[in-house]
J.: 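Below: one structure in structure tokens.
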Amino acid sequence: MLIIPAIDLRGGKCVRLTQGKRNKEIVYSDDPILVAKQWRNQGAKYLHVVDLDGAFEGEPRNLEIIKEIVKTIDIPIEVGGGIRTDETALMLLESGVDRIVIGTRAVDSPEWIYDLCRKYPTRIAVGIDAMDGKVAVKGWTNLSESSILDVAKGVEKAKPRAIIFTNIKKDGMLQGPDITTARELALAVKTPIIVSGGITSLVDVEELSALPIEGMIIGKALYTGSILLSEAISIVTRGRGEPTCSPRT
């Protein structure tokens, strides 16, 4: 199981938003490259990078920083935020990222996900970001009428590499993850599940590690120090050896 640190980019800086709200931003670093190095040096095997400007505006806005992270560290990264066209998807994949995360268009254009997964097997993940049981789109600014499980079961047919589930109400709140929905999702589909949102303590890490999921993305708790990356990694590898889930297998 992987512990995946999150790096959220906005205006070229490493930030965290509370519940995805633009006006609730905390800047943690002016140097995202340094942050990426920090997580790598502390034992991260994988990084989750979100272009928040891209998510809000519909196309990537922090591509040069993403490219620099790829060149600087020797672990794979996944990138999400504003990936809504073939051209954007190809540009990011050719930049060296391991996989891309599709959110909005997975709901709006499911046939596009089928096409992407066919073209780039093992390199497409689908982000299911939800609030009150409904899936959110366009940088979490709009709620669709689609339920979490319906979207998950639909996109599974396209055979994405993973589904990344986030409960928006939990994100950045440091109040614990949505373990109930994560469990339901993991049992409902065969696609590997990665959980994010609200992971606050090592107890949360312990509880999630007992679920049949592939990994968890941790953001704010790492930046505030309420979770030490090395301790979280130790929990999920205890008695299991090093993580064996290669990003592209």
J.: What's the spacing between Ser29 OG and Lys13 NZ if we round to 0.5 Å?
T.: 10.0 Å
J.: Does any part of the side chain of Lys37, heavy atoms only, come nearer than 4.5 Å to the side chain of Thr72, both counted from C-beta?
T.: yes
J.: Please evaluate residues Leu9 and Val49 with respect to the criterion side-chain contact (heavy atoms from CB on, under 4.5 Å), reporting the C-alpha separation (whole Å), side-chain torsions for both, the decisive distance (0.1 Å), and the verdict.
T.: CA-CA 7 Å; Leu9 302 172; Val49 178; 3.8 Å; yes
J.: Nearest 0.5 Å, please: how far is CD1 in Ile124 from CG in Leu116?
T.: 4.5 Å
J.: Less than 4.5 Å apart, side chain to side chain, heavy atoms only: is that true for Ile102 and Ile100?
T.: yes
J.: What pairs with Arg183 under side chain to side chain contact (heavy atoms under 4.5 Å, CB included), at least two apart in sequence or on another chain?
T.: Ile179, Leu187, Leu211
J.: Could you check whether Asp74 pairs with Arg40 (Lys NZ or Arg NE/NH1/NH2 to Asp/Glu carboxylate O, under 4.0 Å)?
T.: yes
J.: Is any side-chain N of the basic residue among Arg161 and Glu214 closer than 4.0 Å to the acidic one's carboxylate O?
T.: yes
J.: State whether the side chain of Thr224 and the backbone N or O of Lys220 hold a donor-acceptor pair below 3.5 Å, judged by distance alone.
T.: yes
J.: Out of curiosity, Met91 CE to Asp86 CG, how far, rounded to the nearest 0.5 Å?
T.: 12.0 Å
J.: Hey, mind stepping through Tyr120 and Leu90 against side-chain contact (heavy atoms from CB on, under 4.5 Å) and telling me if it holds?
T.: CA-CA 9 Å; Tyr120 312 111; Leu90 181 59; 3.5 Å; yes
J.: If every non-hydrogen atom of Val70 is compared with every non-hydrogen atom of Ser95, which pair is closest and at what distance?
T.: CG1-O, 3.7 Å
J.: For Gly54 and Arg61, which heavy atoms make the closest approach, and how far apart are they?
T.: N-CG, 4.1 Å
J.: If you measure from OG on Ser201 to CD on Glu207, what distance do you get to the nearest 0.5 Å?
T.: 7.5 Å
J.: side-chain contact (heavy atoms from CB on, under 4.5 Å), that's the test. Do Ile213 and Leu185 meet it? Break it down for me.
T.: CA-CA 9 Å; Ile213 62 174; Leu185 188 57; over 6 Å; no
J.: Do Leu92 and Thr88 come within less than 4.5 Å of each other through their side chains, counting heavy atoms only?
T.: yes
J.: Mind listing the closest non-hydrogen atom pair of Leu202 and Ile227 along with its distance?
T.: CD2-CG2, 4.1 Å
J.: Within the 4.5 Å heavy-atom criterion, are Ile163 and Ile194 side-chain neighbours or not?
T.: no
J.: Carefully, step by step, assess Lys67 and Leu63 under the rule side-chain contact (heavy atoms from CB on, under 4.5 Å).
T.: CA-CA 6 Å; Lys67 288 180 178 179; Leu63 183 60; 3.8 Å; yes
J.: Backbone N or O of Gln38 within a donor-acceptor pair of the Asn41 side chain at under 3.5 Å?
T.: no
J.: Should Val236 and Met216 count as side-chain neighbours, where that means a heavy-atom distance under 4.5 Å?
T.: yes
J.: Do the side chain of Thr166 and the main chain of Ile168 share a donor and acceptor less than 3.5 angstrom apart?
T.: no
J.: Does Asn62 reach the main-chain N or O of Ile65 with its side chain, forming a donor-acceptor pair under 3.5 Å?
T.: no
J.: Minimum heavy-atom separation for Ile113 and Ala106, please, with both atom names.
T.: CG1-CA, 3.6 Å
J.: Please name the pair of heavy atoms, one in Ile199 and one in Val205, separated by the smallest distance, quoted to 0.1 Å.
T.: CG2-CG2, 4.1 Å
J.: Quick test of your reading of the model: are Arg10 and Glu25 salt-bridged, counting only N-O distances below 4.0 Å?
T.: yes
J.: Is there a donor-acceptor pair closer than 3.5 Å between any side-chain N or O of Asp178 and the backbone N or O of Asn167?
T.: no
J.: Can you run down the ring pair (Phe, Tyr, Trp, His ring centres under 6.0 Å) pairs that involve residues 183-208, sequence neighbours left out, and say none if there aren't any?
T.: none
J.: Is there a continuous path of hydrophobic side-chain contacts, each under 4.5 Å between heavy atoms, that joins Ile235 to Met1?
T.: yes
J.: Salt bridge between Arg105 and Asp108, side-chain N to carboxylate O under 4.0 Å?
T.: no
J.: Measuring from atom CG of Leu34 to atom CD1 of Ile69, what distance do you get when rounded to the nearest 0.5 angstrom?
T.: 11.0 Å
J.: Is a donor on one side and an acceptor on the other found under 3.5 Å between the side chain of Thr200 and the backbone of Gly198?
T.: yes
J.: Restricting to pairs with a member in residues 184-238, which pass ring pair (Phe, Tyr, Trp, His ring centres under 6.0 Å), not counting sequence neighbours?
T.: Tyr28-Tyr223, Trp39-Tyr223
J.: With hydrophobic residues grouped by side-chain heavy-atom distances under 4.5 Å, do Val203 and Ile233 end up in a single group?
T.: no
J.: Using modelled atom types only, decide if a donor and an acceptor are shared between the side chain of Arg84 and the backbone of Ala55 within a distance under 3.5 Å.
T.: yes
J.: How far does CG of Leu228 sit from OG of Ser234, to the nearest 0.5 angstrom?
T.: 11.0 Å
J.: Verify the cluster assignment for Val189 and Val126: are they in a single hydrophobic cluster under the rule of side-chain heavy atoms below 4.5 Å apart?
T.: yes
J.: Could you pull out the closest heavy-atom pair between Ala186 and Pro212, with the gap in Å?
T.: CB-O, 3.7 Å
J.: Compare all side-chain heavy atoms of Leu17 with those of Leu52 and state whether any distance is below 4.5 angstrom.
T.: yes
J.: Spell out, as yes or no, whether a donor-acceptor pair under 3.5 Å connects the side chain of Ser109 to the backbone of Trp112.
T.: no
J.: Taking the side chain as C-beta and beyond, is there a heavy-atom pair between Tyr46 and Ile77 under 4.5 Å?
T.: no
J.: Verify the cluster assignment for Val35 and Ile26: are they in a single hydrophobic cluster under the rule of side-chain heavy atoms below 4.5 Å apart?
T.: yes
J.: Looking at Arg123 and Asp98, would you say the former's side chain and the latter's main chain have a donor-acceptor pair under 3.5 Å?
T.: yes
J.: Taking atom types as modelled, is there a side-chain donor on Thr191 or Glu156 under 3.5 Å from an acceptor on the other?
T.: yes
J.: State yes or no: do Ile7 and Leu229 share one hydrophobic cluster built from I, L, V, M, F, W and Y residues joined by side-chain heavy-atom distances below 4.5 Å, directly or via other members?
T.: yes
J.: Do Glu231 and Ile3 have side chains that approach each other closer than 4.5 Å (heavy atoms only, starting at C-beta)?
T.: no
